[in-house]
There are 2 protein chains.
Amino acid sequence: MTTAPTEKTARRIEATAVELFFREGYPKTSIREITSALGLTPGALYNHFRSKEELLYAIVSKTHAAIEQTLEEALLRAGDDPVRQLWEVTRSLTVFYTEHQKEAIISKQEYKRLPDPHPAEMLSSERRIRRTVERILERGVRQELFHLTLPGGREADIPIMAKAILDQMINAGVWFRPDGRLGVADLADQYAGLLVQMAGVAPDVARAATLPSTGRA
Amino acid sequence: MTTAPTEKTARRIEATAVELFFREGYPKTSIREITSALGLTPGALYNHFRSKEELLYAIVSKTHAAIEQTLEEALLRAGDDPVRQLWEVTRSLTVFYTEHQKEAIISKQEYKRLPDPHPAEMLSSERRIRRTVERILERGVRQELFHLTLPGGREADIPIMAKAILDQMINAGVWFRPDGRLGVADLADQYAGLLVQMAGVAPDVARAATLPSTGRA
DNA sequence: GGTCCATGTCAATGGACGTTCATACATCGG
DNA sequence: CCGATGTATGAACGTCCATTGACATGGACC
């Protein structure tokens, strides 16, 4: 009845909640803050979400779905070469995490507070993603494209490498500032390059894999 | 008057707070939870800390000091070789973050909530640490020990590399479980190896630097 | 033995929180 | 034109919160 709903109110609530959950954290953000930022009273929120928790779940579950979709598309684009696959996956996810840094950080940080079936869902989604990366690494090692002997003399452990790689891309999102020195594409190329190098891909192998770059040059 | 203070009460409060802040987050943890876990009433806490915020500050500032000290000791141990320096720093900090995961994560996550001189202190501490890593990388590049051309053809950006390296070690602390498959020393060797490799150290250069390892083999 | 100080209890205060509910309006299909 | 439906209000609720201040107590030290 009040203002022009050029955008559906439920989406505006979600967008505001993302902003505030990101800035203040989920527990410290009150329903009153969210609604009054939209010129509404607290009760109005309950026409769109059953509870504060359900609002959080709406954000978190959409984000997880988007991550899995991004991963899937990257694999389709990559073809069969494990080097190319690792490159595409790290690049695409870095782009995702920088472009959706707020939702991603909220999801990572607050999913544990959801009511009880949900945290397990999120963990299993994370596990699927990790297994995908592990399989890329395993194939790459079998084809002798990745070099597993680390500086220091030890053999690299594939599950640890997969975790290290995935953690790294979220971190790009944590500190990325859209007004910073580098754009999303530059940053993604940097991270993809660093992570492929971390996986022990020799320079000549990388050259042979013809890795595309979205950024200029 | 009540129980035997085999340990000073202030330290017991800090230890309990670390546990609860880590599990539930700072805003959701109440003074009542902390004190009643020790068999005390809420008021007792105010004999040791002026406020909940000051309790958080006690934890966070100690942790930052310990990180800087760890870094300093690692540099002393490393001598002049940039490869060896990077190895020592990454290994030592990975060990620190896994052994003090709770305090470290609390510090990283909640320092922004402190009253106003403090967040700036924490940021400048972080900046000092990052500059140290950047200097190691710069020297290593000047001596042609680190190889800056990434897979994909781009030149690696040193500030980004430094951020990526430092973020990585915190993450080891995030998911490390003391009862897991690998111990602290194994994990630290893995991470140090991966990060030195990420910095573009060629295998023969690494061999020449005689990197020590604390773990077996 | 008396005094003091550190440390604790207990009760209270004022505010903020998530959520509910009866009520009102506005829009739109029939 | 009318009722139904979706949406917002505003006031209340019960609960929990951090913090305070008056009071008790026990050990350390003179």
Subject >> A:Lys62/A:Glu103 under salt bridge (Lys or Arg N to Asp or Glu O under 4.0 Å): CA gap, chis, key distance, verdict >> reply: CA-CA 9 Å; A:Lys62 270 177 204 172; A:Glu103 300 91 314; over 6 Å; no
Which whole-number value in Å describes the distance from [X] [atom1] to [N] [atom2]?
{"X": "B:Leu45", "N": "C:dT9", "atom1": "CG", "atom2": "P", "value": "11 Å"}
{"X": "A:Arg32", "N": "D:dA12", "atom1": "CZ", "atom2": "C1'", "value": "11 Å"}
{"X": "B:Glu24", "N": "D:dC16", "atom1": "CD", "atom2": "P", "value": "15 Å"}
{"X": "A:Lys28", "N": "C:dG18", "atom1": "NZ", "atom2": "C1'", "value": "17 Å"}
{"X": "B:Leu40", "N": "C:dA6", "atom1": "CG", "atom2": "C1'", "value": "14 Å"}
{"X": "B:Arg12", "N": "C:dT7", "atom1": "CZ", "atom2": "C1'", "value": "12 Å"}
{"X": "A:Ile31", "N": "C:dA16", "atom1": "CD1", "atom2": "C1'", "value": "13 Å"}
{"X": "B:Lys8", "N": "C:dG8", "atom1": "NZ", "atom2": "P", "value": "10 Å"}

I want to verify a distance call: between [options], whose nearest atom is closest to the [X] side chain?
{"X": "A:Tyr46", "options": "C:dT20, C:dG8, D:dT19", "answer": "C:dT20"}
{"X": "B:Thr41", "options": "D:dC17, D:dA8, C:dC10", "answer": "C:dC10"}
{"X": "B:Ala44", "options": "C:dT9, D:dA18, D:dA8", "answer": "C:dT9"}

**OP:** With B:Lys28 as the cation and A:Tyr26 as the aromatic partner, state whether NZ or CZ is under 6.0 Å from the six-membered ring centre and within 45° of the axis.
**Re:**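 Relative to the ring axis of A:Tyr26, which defines the angle, B:Lys28 lies outside at least one limit.
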Say you draw a straight line from [atom1] of [X] to [atom2] of [Y]; how long is it, rounded to the nearest 0.5 Å?
{"X": "B:Arg135", "Y": "B:Ile158", "atom1": "CZ", "atom2": "CD1", "result": "12.5 Å"}
{"X": "A:Gln190", "Y": "A:Leu195", "atom1": "CD", "atom2": "CG", "result": "11.0 Å"}
{"X": "B:Ile165", "Y": "A:Met198", "atom1": "CD1", "atom2": "CE", "result": "10.5 Å"}

Original post:
Across the strands shown, which category fits B:Thr29 at heavy-atom distances under 4.0 angstrom: base, sugar-phosphate, nothing?
Top reply: sugar-phosphate
Original post:
Does the side chain of B:Met122 come within less than 4.5 Å of B:Tyr57's, by heavy atoms?
Top reply: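 The answer is yes, as the side chains (C-beta and beyond) meet within the 4.5 Å cut-off.
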Original post:
Under 4.5 Å between any side-chain heavy atoms of A:Phe21 and A:Leu55, yes or no?
Top reply: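 Counting from C-beta outward, A:Phe21 and A:Leu55 do come under 4.5 Å.
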Original post:
So, A:Glu14 and A:Arg11, do they make that salt bridge, N to O below 4.0 Å?
Top reply: yes
Original post:
Do the side-chain N or O atoms of A:Thr9 get closer than 4.0 angstrom to the phosphate oxygens (OP1, OP2) of D:dT7?
Top reply: no
**OP:** Taking only the side-chain nitrogens and oxygens of A:Ser30, find out if one of them lies under 4.0 Å from OP1 or OP2 of C:dC17.
**Re:** yes
Original post:
What are the residues of residues 106-114 of chain A, sorted by number, that bring a heavy atom to within less than 4.0 Å of DNA chain D?
Top reply: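 Within residues 106-114 of chain A, no residue comes under 4.0 Å of DNA chain D.
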Subject >> Neighbours of DNA chain D within residues 48-59 of chain B, by heavy-atom distance under 4.0 Å >> reply: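 Close to the strand are B:Ser51, B:Lys52.
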Original post:
In a check of side-chain hydrogen bond (donor to acceptor under 3.5 Å, both in side chains) between A:Glu88 and each of A:Arg91, A:Arg84, A:Gln85, which one passes?
Top reply: A:Arg84
Original post:
Got a donor-acceptor pair under 3.5 Å from the side chain of A:Asn47 to the base of D:dA8?
Top reply: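 Present.
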Original post:
Between A:Arg154 and B:Asp186, does a salt bridge (Lys or Arg N to Asp or Glu O under 4.0 Å) hold up when you go through it step by step?
Top reply: CA-CA 10 Å; A:Arg154 302 203 142 211; B:Asp186 303 306; 3.7 Å; yes
